[in-house]
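Take a look at the structure below.
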Amino acid sequence: MTNLPPWMIAGLVFMTVSVAIAALAFVFLDPKSSRAADRLDSIVGKRRKESAAELLLKESVKESDKKNLFDALMPEILSMDKLFEQADCNIRPSSLFGIALVLAAVFGTFSFMVLSARGSSTAGLAVAPVVMMVAFSVPFLWLLNKRRVRLKLFAGQLPDGLELVARALRAGHALSAGMHVVAEEMPSPIADEFGRVFEEQNLGIALEDAMRGMCVRVPNLDLRFFVTAVAIQRQTGGDLAEILDKIGYVIRERYKILGQVRALTAEGRLSGVVLVGLPFALLILMLHMKPDYIEKLWTDPLGIKMSIVALVLMFLGMVCIKKIVDIKV
C-alpha cells in the first residue's frame, strides 16, 4: 500500500463509500411502494389475491421508479421489465443496477489495493477492470438463474396442473374454475400464474387474452400447447379434458427422456466446466503466489496477443461443448 500516493487512496475510498451509500439509499428508501402495498393488501386480502396484488404493486413500483438515477443511466434498449416479471423478482431494476455498481466498485478497489500492496501496481491496473466486470455481472447472473429455476419449476408442475384442470372439467366445472382449483391447491409458481389468469378474467379480461399474457410471463412451449388447445376447443368444440390428459402424458414422457439424456451427457458437461474454469483458477492462484510471473500476459505485446487468442479459443470451445451436450428433446 505504500506504493500508492495518499490522494489516490483517498479517492478510491471516497468513490467506494459514495457509490455504496447512494445504492443503499435507492434500494431501501422507497416509502411510496410500502404505502401502496399496504393499501393493495387491505383491499385484496387473501393468499391468492395477494399474489395478484403483488404483481400490480410491482407494476406501480416500476412506473414510480422511472425517475430514479439508475433508470436514467440505463438505456431504454436495456429494459429488463419482462425478465424481472419472468423471474418473479421483487427487486426493482434500478436497485439491482445499483447493487451491481456497488459490487463492481468494492471488489475492483479491493483487488487493486491488494495487488498494489504486494508490489504489483501494473497487475492491479490490469486485473481490477476484469474483477469489476465480473462483480458487476453477478446480480444479473443471479437474476437469470432465478428466472431459469422458476421456469424449470413451472415446467415440472405443469403436467399435474393440467391433470387437475382436466379433473375439474370432468366434474362439471368451467375452465376458469379449474384454473382456480390449481391456484388454490398447487404451490408456486404455477399457482401464482393460474391464479392471476383467474383474477384477470374475473375483472373482465377475455380468458384467451389472459392466457396469452401468461405465455408471455412464462415462455414455455408446453404451456403454449395448452393455450392453443384451449383456444381451438373454444372455437370448434371437443373434449378439452381428454386433450389436457394427452398433453400432460406427452410432457411427462418427454421429461423422462430428458432425464436419461442429462444422465448420459453429465460427463461431458462436467468436462466443459472443468476445462473452462481451470485456466481462470490457475490465473487467480498465480496472482496470489507470484504476480510478476504472469505479468507478461498483459504487459508484453506478444503476451497480450496470446491472452486474446486464448480467450477466443476458450469461448469457441465452450460454445462447441454446449452444442454437443445440449440435446433438444
Practice problem: Can you see which heavy atom on Lys146 is nearest to which on Ala87, and at what distance? | Solution: CE-O, 3.3 Å
Quiz item: Is there a side-chain contact between Leu143 and Cys89, using heavy atoms and a 4.5 Å cut-off?
Solution: yes
Quiz item: Taking all non-hydrogen atoms of both residues, which atom of Asp209 and which atom of Ile205 are closest, and how far apart?
Solution: CB-CG2, 4.0 Å
Exercise. Could you tell me the separation between the OG1 atom of Thr228 and the CZ atom of Arg224, rounded to the nearest 0.5 Å?
Key: 8.5 Å
Self-check item: Test salt bridge (charged side-chain N to carboxylate O under 4.0 Å, His left out) applied to Asp245 and Arg170, step by step
Solution: CA-CA 11 Å; Asp245 284 337; Arg170 288 194 180 92; 2.3 Å; yes
Exercise. Check whether any side-chain heavy atom of Leu151 sits under 4.5 Å from a side-chain heavy atom of Asn220, and report yes or no.
Key: no
Exercise. Mind checking the CD1-CG spacing from Ile190 to Leu164? Nearest 0.5 Å is all I need.
Key: 9.0 Å
Practice problem: Using the side chain to side chain contact (heavy atoms under 4.5 Å, CB included) rule, take Met133 and Phe136 through it: C-alpha gap first, then chi angles, then the decisive distance, then the call. | Solution: CA-CA 5 Å; Met133 287 189 293; Phe136 184 82; 5.6 Å; no
Quiz prompt | Side-chain touch Phe154/Leu223, heavy atoms, less than 4.5 angstrom | solution = yes
Quiz item: Between Leu144 and Ile91, is there a shared hydrophobic cluster once you connect ILVMFWY residues whose side-chain heavy atoms come closer than 4.5 Å?
Solution: yes
Quiz item: Where do Met214 and Arg196 land on the side chain to side chain contact (heavy atoms under 4.5 Å, CB included) test, with the steps shown first?
Solution: CA-CA 8 Å; Met214 180 172 60; Arg196 177 168 177 174; over 6 Å; no
Exercise. Hey, could you give me the CZ/CZ distance between Arg150 and Arg148, rounded to the nearest 0.5 Å?
Key: 14.0 Å
Quiz prompt | Heavy atoms from other residues, nucleotides or ligands near CE of Met306 exceed 12 (cutoff 6.0 Å) | solution = no
Practice problem: List the atom of Gly161, the atom of Val182, and the distance in Å for their closest heavy-atom pair. | Solution: O-CG2, 3.6 Å
Quiz item: Are Arg252 and Asp160 ion-paired here, with the side-chain N under 4.0 Å from a carboxylate O?
Solution: yes
Quiz item: When hydrophobic residues are tied together by side-chain contacts of less than 4.5 Å, even through go-betweens, does Val227 share a cluster with Phe198?
Solution: no
Quiz item: To the nearest 0.5 Å, how far apart are CG in Leu162 and CD1 in Ile251?
Solution: 5.0 Å
Practice problem: Verify whether one side chain among Arg217 and Gln86 offers a donor that lies under 3.5 Å from an acceptor in the other. | Solution: no
Quiz item: Between Val134 and Phe107, is a side chain to side chain contact (heavy atoms under 4.5 Å, CB included) present by the stated rule, with each step listed?
Solution: CA-CA 9 Å; Val134 173; Phe107 282 93; over 6 Å; no
Quiz item: Between Gly248 and Pro159, what is the shortest heavy-atom contact and its length?
Solution: O-CB, 4.0 Å
Practice problem: Report yes if some heavy atom in the side chain of Phe97 is under 4.5 Å from a heavy atom in the side chain of Phe140; otherwise report no. | Solution: yes
Quiz prompt | Within-4.5 Å side-chain heavy-atom neighbours: Leu297 and Ile304 | solution = no
Quiz item: Does the pair Lys246/Asp239 count as a salt bridge with the N-to-O cut at 4.0 Å?
Solution: no
Quiz item: What distance separates Leu283 CG from Phe280 CZ, expressed to the nearest 0.5 Å?
Solution: 8.0 Å
Quiz item: Taking 4.0 angstrom as the limit, do Glu163 and Arg167 come out as a salt bridge?
Solution: yes
Quiz item: Distance from Arg212 atom CZ to Leu207 atom CG, nearest 0.5 Å?
Solution: 10.0 Å
Practice problem: May I ask you to decide whether Arg147 forms a salt bridge with Glu85, counting only side-chain N to carboxylate O separations under 4.0 Å? | Solution: no
Quiz item: Closest heavy-atom contact between Met314 and Val276?
Solution: CE-O, 3.4 Å
Self-check item: Neighbour count above 12 (heavy atom, 6.0 Å) for Arg262 CZ
Solution: no
Quiz item: Is the closest side-chain heavy-atom distance between Pro189 and Leu153 below 4.5 Å?
Solution: yes
Self-check item: Heavy-atom side-chain proximity of Val230 to Met211 below 4.5 angstrom
Solution: yes
Quiz item: Phe84 versus Leu96: any side-chain heavy-atom pair under 4.5 Å?
Solution: yes
Self-check item: Taking every non-hydrogen atom, the tightest pair across Pro187 and Gln157
Solution: CG-NE2, 3.6 Å
